[in-house]
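We're numbering straight along the sequence, starting at 1. Counting starts at 1 for both ligands and their atoms, in listed order.
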Amino acid sequence: MQIELSQCRLAFDEAGKGTPILFIHGYPMNRRLWQPQLEDLAEVGHVLALDLRGHGESEQIPGPYSMELFADDCNEFLDVMRIPKVVLCGLSMGGYICMAFYRKYASRVVGMVLTATRAAADSPTARESRDKAIDQAISQGPAPIVEGMINRLLSPYSQSNRPSLITKAHDFIDDISTQTIVADLQGLKTRLDSSSILATISQPVCIIHGEDDQIVPLEEAREMHHTIKHSRLHILPLAGHVPNLEQPGLFNQAVRQFIMEIKS
Ligand code: MLT
């Protein structure tokens with residue numbers, strides 16, 4: 001489905017009814033990341049997964065894409081869909097967007113699922129890597145960035161034992177354009193540090209992290225858990241940076257339980 005916002009047209013999927021849960025994908029992905037959740041979690045709520053601007057089937061418009069800009073799109077999306085309150089579920093960059101959303105629109109948030117993400121901003125070294133990736137995307141196109149991401153996305157166990165997951169990962173990354181990679185990277189490298197808001201979050205938070213995440217170390221999830229008052233931490237065994245895909249049963253069980261508790 002497509003929805004027209006003031007600045008761009010976004011594509012999204014929805015299923016189920018009840019408590020709204022908005023799924024926000026990571027960089028440089030699209031909403032197909034959430035296929036294992038849309039199929040399974042529609043029984044506990046109104047599940048919505050959107051393609052962020054420039055991604056998947058949403059409109060390509062010039063960047064940079066800051067986390068606040070993405071959060072504004074999500075907020076306007078909820079307005080147009082007439083959804084007053086929401087549970088946000090973001091993976092990696094999607095988690096950064098959840099935190100940006102929380103900074104601007106906290107009263108709309110009834111809970112958050114933060115997956116494979118962190119609160120910290122980029123370090124100077126990480127910013128340099130983003131600049132190199134921008135240069136590489138401009139000179140060589142998306143292919144080397146896509147390949148590099150696919151190689152780090154899955155846990156060593158998934159890579160060796162579950163080759164079908166590599167095909168699935170290609171499905172939610174392959175259609176990224178150079179323009180969107182650059183726009184995302186510009187937003188990622190300048191994103192704000194969200195560490196200081198963690199202690200102020202009063203809504204329940206469910207943190208889910210793969211124990212073998214090669215992109216965001218598990219330690220960062222543990223730190224968020226220690227700082228956010230009403231939080232729980234699920235560490236999913238044998239999973240890497242996309243635990244929702246590598247351990248869909250455990251992931252969905254954690255989210256289902258979280259939603260049931262929010263409802264009661
Ligand atoms: C993501 O999966 O969204 C990215 O790895 C986030 C990042 O590079 O910081």
query = Side chain of Thr200, backbone of Ser196: donor and acceptor closer than 3.5 Å?
reply = no
Ligand 1 versus Arg152: contacting region, heavy-atom distance under 4.0 Å = neither
Exercise: identify the closest heavy-atom pair between Pro20 and Lys85 = CG-O, 3.5 Å
inquiry  = If the contact criterion is a heavy-atom separation under 4.0 Å, does Met149 count as touching ligand 1?
reply    = yes
ask   = Are any of the N/O atoms in Gly26 less than 3.5 Å from those in ligand 1?
value = no
ask   = Passes side-chain hydrogen bond (donor to acceptor under 3.5 Å, both in side chains), Gln257 versus Gln253? Steps please.
value = CA-CA 6 Å; Gln257 174 73 28; Gln253 190 185 325; over 6 Å; no
ask   = Do Arg191 and ligand 1 have an N or O pair less than 3.5 Å apart?
value = no
task = Give a yes or no on whether Lys229 atom NZ has more than 12 heavy-atom contacts from other residues, nucleotides or ligands under 6.0 Å away.
result = yes
message = At less than 4.0 angstrom from any non-hydrogen atom of Met29, what atoms of ligand 1 do you find?
response = 2 (O)
query = Which ligand 1 atoms does Met93 reach within 4.0 Å, using its non-hydrogen atoms?
reply = 1 (C), 3 (O)
ask   = So, do Leu52 and Tyr65 sit near enough that their side-chain heavy atoms are less than 4.5 Å apart?
value = no
note = for atom 1 (C) of ligand 1, nearest protein heavy atom and its distance come out as Ser92 OG, 2.8 Å
key: Spacing of Leu114 atom CG and Ile228 atom CD1 [to the nearest 0.5 Å]   = 5.5 Å
Heavy atoms from other residues, nucleotides or ligands near NZ of Lys132 exceed 12 (cutoff 6.0 Å) = no
task = Heavy-atom contacts with His241 under 4.0 Å: which atoms of ligand 1 show up? List them by number with element.
result = 1 (C), 2 (O), 5 (O)
message = To check your reading of the model: name the closest protein heavy atom to atom 8 (O) of ligand 1, its residue, and the distance in Å.
response = Arg130 NH1, 2.8 Å
query = Of all the non-hydrogen atoms in the protein, which one sits nearest to atom 9 (O) of ligand 1, and at what distance?
reply = Tyr96 OH, 2.6 Å
request  = Give the atoms of ligand 1, by number and element, whose distance to some non-hydrogen atom of Ile215 is under 4.0 Å.
outcome  = 5 (O)
task = Taking only Lys NZ, Arg NE, NH1 and NH2, and the carboxylate oxygens of Asp or Glu, determine whether Asp72 and Lys104 approach each other closer than 4.0 Å.
result = yes
